[in-house]
Amino acid sequence: MSPEAHSTAIGPRGVAAAHGSTEQGHTGAHPPRLAHHFDSYAQQRESASLGVWVFLVTEIMFFGGLFTAYILYRSKYPEAFIAGSHQLDVMLGTINTAVLICSSLTMAMAVRSAQLGRSKAIAGFLVATIVLGSVFLGIKATEYHHKWVEHLIPGHDFHLEIDHLPTHHGKPVASELPSGVVGESRADVPLPSAGPQDIQAHTQLFFFLYFGMTGLHAVHMIIGVGLLVWLIRPSLRGMFDGNNHNYVEGIGLYWHFVDIVWIFLFPLLYLVGRHG
Amino acid sequence: MTAHSDFPAHSAFPEPIEEAPEPYEHYLNHKYGLASWLLTRDHKRIAILYLISVSFFFLLGGAMAVIIRLELTTPEGDLVQADIYNRLFTMHGIMMIFFFLIPSIPSVLGNFLIPIMIGAKDLAFPKINLLSWYIYAIGGLFTFYALLTGGVDTGWTFYAPLSTGYTNTPVVLVALGIFITGFSSILTGLNFIVTIHRMRAPGMTWFRLPLFVWSHYATSVIMILGTPVIAITILLLGAERIFGVGIFDPKLGGDPVLFQHFFWFYSHPAVYIMILPAMGVVSELIAAFTRKPVFGYHFVAFASIAIAVLGFFVWAHHMFVAGISVYAAAIFSALSMLVAIPSAVKVFNWTTTLYKGSISWDTPMLYALGFIGLFTIGGLTGVMLATLGIDIHVHDTYFVVAHFHYIMVGGAIMGYMGGLHYWWPKITGKLYPKFWSKVGALTIFLGFNVTFFPQFILGYLGMPRRYHAYPNEFQVLNVMSSAGATVLGLGYLIPAVYFIWSMRYGKDASANPWGAIGLEWETTSPPPVENFDKPPVVTWGAYEYHESRVQPSLPPPKQEVMRVT
Amino acid sequence: MPPAQGFLPNAPLFPPRASEMAREIDLLFFTTLGVTVFFSTLIAVLIFYFMVRYRRTSPTQVGVYQKGGSTGLLESTWIIGPLVIALGFFAWGARIFFAAARPPADAKQYYVIGKRWMWKIEHPSGRREINELHVPRGQAVKLKLTSEDVVHSFFLPVMRMKTDAIPGRYTTLWFNADTLGTFHLFCAEYCGTEHSRMVGRIIVMEPTEYERWIGGENMGGPSGVASGEDLFVAKACHTCHRTDSTARAPQLSGLIGKTVHLEGGQTVTADETYIRESIVNPATKVVAGYQPIMPTYRGQLSEEEIIQLIRYVGSLKQPTGVEPAPAGKAADRPAESPPSPNEGAR
Amino acid sequence: MSSTTHVLPLRVYFAIFFALLVLTGTTVAVAFVDLGPLNNVVALGIAACKATLVILYFMHVRYATRLTSLVIVSGVFWLAIMVGLTLADYATRGWLGVPGR
Ligand code: HEA
Ligand code: HEA
Ligand code: CUA
Ligand SMILES: [Cu+2]
């Protein structure tokens, strides 16, 4: 199953031994910041990185449930999803995407500095990442507030203002736009009489998914910011160098992952049926 | 050695290490006090913490099973009220599955043995290991608290919209308990995967790994890929219940069948979380008590992986009559047939291993052989359930109840008991009375069959499950089942008593009381804190029960190679 | 067929059966059971035999070391053998399952509503009963199931049939009873406190007797179709769904079974679930060429009333002379929607 | 299995960074152009490209072990199982023309 299965004749610790930094045992002096049960820095680092990656896979599946629900309901209620998406602010969404990409860059730089053992630089980039992350969360909070004011919180006095919907003049263009199972069908929602009642119920589903997905994402961001804050002190103390920067690297991987989730959330939530 | 009259010296393989100097330091006695347990990062002590907590939940779940069976002795439903009965089987299912069987073998035996079996000092992330126990305990406390306040009555499957809109029991509390415990499962799986990849001793190649380790690797894969889905499902369920949004509620445009998809996407693979570790145990036992290499090692190893992967493709076989499309039903039925094949491979390879073995009738082996037989019955009835035409009739009847108890009680628990009996001398350094352990094993086997065999017939007769009262003509079989359950319950008491007894009064175990091969038998019983006094280097494959192990002058066996024609 | 008697008079070991399908399912069941028994016995016998034959005789004894281990031949035998058997199960089971899913065209249509904790049943004639299902012998019967609250499951052990009743949708179960008698009806999907009391009886009668029974107590009460027609007027459906050319809404005659083209290019096959959705959530699937002006009737109609309306709509026959177009596109639709590129949109 | 870590030159990071920003701009711009069903394809395609860039360079997977790639691929694969088989049910509902089947 594993790629090493066939190639490695001896176990990973045997490989580590070949690199010469092993066999400290509990008799010899154990190197600083090498946990007692590891033989070498390489072993420790590779364990940590594999651990983080495996964890990120669980995160994929965690968000995956929401994505599945999203796909299903979007294909069931395309109009409602368009109507819901039009309630979101593309501008803010785009800015936030950019902010998050910047923060990924600063995070990557922090990891690089850690690899090079530059304590001050690590801390600097961490602070930059924290600031950018907080900006993202701030903007998100503003958006949430708007939704609250506009009664777009599902289950809580949800009400979709009719005149917020983009009105289309003239005949519906829908029939010119065939689409598949998973796909939006039309430019906008023509709004004569009773239709909106349904749209309203199903738009509530959209907003539930919106809050569910962005909310979980935000929770991950908050945890990430917390972890970054916690990292500042050890990095200033020079804890990290080429041998030992697992914490910076692991938290960095996590941060990038959260960025990737947003990369998918942004078009799925903000950009549905914008054209037309 | 000869002092242990209960366990005659199996001196086929000499004790690998000299008897330790009398009071020697091991993981149990190197520190004392509650804090040294609750703050430990030693995988062996954490395993003990798990052992205590899963046993607690087993007794709790078992106690509920006893009341369930008592209630079902009469058709009227007169012992407890319907509401209570519903809570009983729900909490029975939840405790047994989420808080007992899923963590049992991996977190107790796996935790204790994997590092030793691969020759490591500990799991890759000892702190996370401890954390996972705390998470488990907190989740357990939530659920236990919910139980004290009355428990939930949704069935362990939590189907919407019953669970989201109709019951007024503390669903969110229990759901939260399961959600939290899920993370403990994830962390355990993560730890195992990294440990197996990165912590193997020099010379411990993938195909020298004991099959126990392979099956735990497969289990861990399921844990990390499946468990997050139940977590998100539970979050959605909670959100729907608390905020009244309709992701599963048809009144608001949601779809109740989507809940079932999500739930079974986890819960079907989860049944393999429960059985794979037991299969790993059985592989160890069969090898040790036939003194033979497991027949078809590579096939058995890859069968574990195949089960883990294929197990994710079959979930909707729980939903054949739940309004899914017939085409989807057909796909899932066909895929369910495929997943039976790796199980078949295992069963046949184990049986063939017996051929020309040196078969000992020690207690662990009795459990292992019981496992094979009962798992075969349970598994084949599973295949019957996966057959579309049959499931229309027997879905949600006692046939299903019998199927899964055959696999989970007759299979997984037999494996767990066998493993406990096999490694108990290693874990505690004590021997238990041989006679009573055999009496216990036979009582459990008999009680088990009397309890659950009649349920197959009940199921085909059409008795639906989760029924608190039932038509008169089902009574005879139900009484039989209840009688069996009493025997079964008493059967479980026997090991409970002598295990506890042995911790104080049992004779000391030698390092290798069974004369078995494996790194865990090459260290003292109980093992020292960092598992080995000298870091081991592996030069043998697993189960190399070969004369050359005793007489080094003999040529070693050719490495077993996979030959596929 | 009397229930087979077990060793005790009131403890049958085999359930009664009353349809051809039940017999087929039993045959499949016993075949698979035979395979199960065969393999379980095989394994058990081998285990016991080896256990005794190769019992360890001295504490130092070692098993025979098998050089080279398993052979590809053996392993492929027990991979391919069970695979073939299991796929055989699958094929046979799937055949029955599909047959059980497709009701014959002449099946009489009943409606069943599950509600905690009772079954409400409506006969084709409009007669209603609770927890009892009277059916004529020798007549295919098709049940359209739905639920007012949670998921239930309509289970007739004697027919070896069950189907879940799901809120917001219709599901189908059919059977053709061939044996007279009274048998169990259960709710098989756990639905809350009194789940185990959501039980009843199915009574198979001679057709003549059934006619008498239907006529006998049905004291001129409105038949389902009649009251559906009343509702159609009372709820003002007819104001839009008219038959003349000024209609603002599509004509409903001959709707069931037709392929409907929707706004956005999708198509659906009109069935009960679709009609229900059109009434309760009309804007979800809008017929191509129409404005979504139909008001929602959510919360204004009970499940029974919805069923009345569906039955009424289903009873509206295609105006004679106008055959439904093969593509399912109704000739009376003014829609100019293009042929859809996508089939099977649901 | 490298035992020393791989330090990437700065320009790689900046190149990726700019590529990500450009792709973000593109995805927003394209969303306002009517491409029919292609809109979804483009939106998801761009997102996938961006994710791949982040994974390969910011997360160093290009320079990591094959095991790491295997872990990622299996994550995506299992997600596909979940989405694919669930939708396989919904997409085939009604093919038989019998409600609920
Ligand atoms: C440890 C737990 C466990 C395990 C391992 C299994 C294993 C299997 N299960 Fe089971 N199952 C459950 C626990 C488990 N199950 C539970 C808890 C439920 C009920 C859930 C609920 O609703 O509450 C359930 C329900 C359940 C259903 C749904 C029934 C219903 O509700 O209608 C189905 C249907 O397909 C099924 C099938 C199978 C199959 C095909 C296997 C296969 O993996 C079995 C494979 C094994 C063998 C086949 C035996 C060995 C093979 C041979 C000896 C060779 C000969 C083989 C052939 C000729 C095929 N199971
Ligand atoms: C690991 C899983 C597991 C285990 C071990 C068990 C163990 C047992 N189960 Fe359980 N069971 C489930 C998982 C499990 N069950 C699940 C998932 C369900 C479905 C729930 C649902 O529908 O939602 C279920 C449902 C279920 C039902 C169906 C209820 C219904 O549908 O109405 C029944 C009925 O007989 C039953 C019985 C038993 C019995 C007799 C045991 C015995 O093996 C228990 C034996 C153990 C003890 C008895 C405890 C130890 C001994 C003592 C404490 C001493 C005192 C006792 C005596 C002196 C008698 N179980
Ligand atoms: Cu209705 Cu159970
Ligand atoms: Cu299953």
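Per chain, numbering begins at 1; letters A, B, ... match sequence-line order.
The backbone N or O of Gly323(B) sits less than 3.5 Å from a side-chain atom of Arg169(C), completing a donor-acceptor pair. A donor-acceptor contact shorter than 3.5 Å is absent between the side chain of Lys292(B) and the backbone of Gly63(C). In this structure, the side chain of Arg56(C) does not engage the main chain of Ile359(B) through any donor-acceptor pair within 3.5 Å.
With a threshold of 4.5 angstrom between heavy atoms, Ala44(C) does not approach chain B through any atom at all. Of the two parts of Ala160(B), only the backbone, made up of N, CA, C and O, holds a non-hydrogen atom closer than 4.5 Å to a non-hydrogen atom of chain C. Contact annotation for Leu461(B): both backbone and side-chain heavy atoms come within less than 4.5 Å of a heavy atom of chain C. Residue contact with chain C, scored on non-hydrogen atoms closer than 4.5 Å, is absent for Ala340(B). For Ile457(B), the part lying under 4.5 angstrom from a heavy atom of chain C is the side chain only. Only the backbone of Thr290(B) comes within contact range of chain C, with heavy atoms under 4.5 Å apart. Proximity to chain B (any heavy atom under 4.5 Å) is restricted, for Val199(C), to the side chain, taken from C-beta onward. No part of Met159(C) comes within reach of chain B, as not one of its non-hydrogen atoms sits under 4.5 angstrom from that chain. Contacts between Tyr166(B) and chain C at a heavy-atom distance below 4.5 Å involve backbone atoms as well as side-chain atoms. Heavy atoms of Phe89(B) lying under 4.5 Å from chain C belong exclusively to its side chain. For Ile166(C), the part lying near chain B is the side chain, with the backbone staying farther off; criterion is any non-hydrogen pair under 4.5 Å. Heavy atoms closer than 4.5 Å to chain C are found nowhere in Phe259(B), neither backbone nor side chain. Of the two parts of Arg53(C), neither the backbone nor the side chain holds a non-hydrogen atom closer than 4.5 Å to a non-hydrogen atom of chain B. Proximity to chain C (any heavy atom under 4.5 Å) is shown, for Asn472(B), by both the backbone and the side chain. At a 4.5 Å heavy-atom cutoff, the contact between Arg465(B) and chain C is made by backbone atoms alone. With a 4.5 Å cut-off on non-hydrogen atoms, Arg95(C) does not touch chain B at all. If you measure heavy-atom distances from Glu189(C) to chain B, the contacts under 4.5 Å come from both the backbone and the side chain. Contact of Pro256(B) with chain C is made through the side chain alone, with heavy-atom distances under 4.5 Å. Residue contact with chain B, scored on non-hydrogen atoms closer than 4.5 Å, involves the backbone and the side chain of His195(C) alike. Interface residue Leu366(B): only side-chain heavy atoms are found under 4.5 Å from chain C.
Looking only at heavy-atom pairs under 4.5 Å with chain C, the residue among Phe474(B), Tyr460(B), Tyr543(B) that has the most is Tyr460(B). No other option in Met365(B), Gln475(B), Met337(B) has as many heavy-atom pairs under 4.5 Å with chain C as Met337(B). Ranked by non-hydrogen atom pairs under 4.5 Å with chain C, the options Ala329(B), Pro471(B), Pro454(B), Gly379(B) are led by Pro471(B). With chain C as the partner, the residue from Thr351(B), Asp249(B), Asp391(B) showing the most heavy-atom pairs under 4.5 Å is Thr351(B). Here Asp153(B) is the residue among Asp153(B), Thr157(B), Val383(B), Thr397(B) with the most heavy-atom pairs under 4.5 Å with chain C. The greatest number of non-hydrogen atom pairs below 4.5 Å with chain C, out of Ala334(B), Ala82(B), Gly155(B), is found for Ala334(B).
Closest approach of Ala322(B) to Asp164(C), counting heavy atoms only: CA-OD2, 3.4 Å. Taking each heavy atom of Ser196(C) and His468(B) in turn, the nearest pair found is CB-N, 3.4 Å. Minimum interatomic distance between Val321(B) and Lys162(C) (heavy atoms only, all atoms of both residues): CG1-O, 3.6 Å. Contact detail for Tyr467(B) and Cys187(C): the closest heavy-atom pair is OH-O, 2.7 Å. Ile43(C) approaches Ile372(B) most closely through the heavy-atom pair CG2-CG2, 3.8 Å. For the pair Gly296(B) and Glu75(C), the tightest heavy-atom approach, listed with the atom from each and the gap, is CA-OE2, 3.6 Å.
In this structure, Arg55(C) is positioned above the aromatic face of Trp361(B), its NZ or CZ under 6.0 Å from the six-membered ring centre and within 45° of the axis.
A distance of 7.0 Å separates OH in Tyr190(C) from OG1 in Thr154(B), rounded to the nearest 0.5 Å. Atoms OG and CZ, on Ser336(B) and Phe89(C) in that order, are 13.5 Å from each other to the nearest 0.5 Å. One finds the CD1 atom of Ile79(C) at 8.5 Å from the CD1 atom of Ile341(B) (value rounded to the nearest 0.5 Å). Rounded to the nearest 0.5 angstrom, Ile390(B) CD1 and Ile96(C) CD1 are separated by 8.0 Å. Atom CD of residue Glu194(C) and atom CG of residue Asn86(B) lie 8.5 Å apart, to the nearest 0.5 angstrom. The distance from atom CG of Leu369(B) to atom CZ of Phe50(C), rounded to the nearest 0.5 Å, is 11.5 Å.
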Next item on the list: I would like to know whether Phe90(C) and Phe332(B) meet ring-ring contact (aromatic ring centres under 6.0 Å, His included); could you show each step before the answer?
Entry: CA-CA 10 Å; Phe90(C) 159 72; Phe332(B) 280 105; over 10 Å; no
Item checked: Evaluation steps, ring-ring contact (aromatic ring centres under 6.0 Å, His included), between His393(B) and Phe155(C) -> CA-CA 8 Å; His393(B) 176 49; Phe155(C) 179 24; 5.7 Å; yes
Next item on the list: Would you sort out whether Glu473(B) and His184(C) count as a side chain to side chain donor-acceptor pair (under 3.5 Å), showing the intermediate values?
Entry: CA-CA 11 Å; Glu473(B) 74 252 34; His184(C) 287 301; 2.9 Å; yes
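Not counting sequence neighbours, Phe158(B) has no partner by the ring-ring contact (aromatic ring centres under 6.0 Å, His included) test.
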Quick one: side chains of residues 29-40 of chain C, donor-acceptor pairs under 3.5 Å with protein atoms, not counting sequence neighbours, listed by atom name and distance.
residue  : atom : partner  : partner atom : Å
Thr31(C) : OG1  : Leu27(C) : O            : 2.6
Thr32(C) : OG1  : Leu28(C) : O            : 3.2
Thr32(C) : OG1  : Phe29(C) : O            : 2.8
Thr36(C) : OG1  : Thr32(C) : O            : 3.0
Ser40(C) : OG   : Thr36(C) : O            : 2.7

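Between Phe186(C) and Tyr470(B), the ring centre distance reaches or exceeds 6.0 Å. Note: Tyr355(B) and Tyr49(C) fail the aromatic proximity criterion, with ring centroids not under 6.0 Å apart.
Surrounding CD of Gln81(B) are at most 12 heavy atoms belonging to other residues, nucleotides or ligands under 6.0 Å away.
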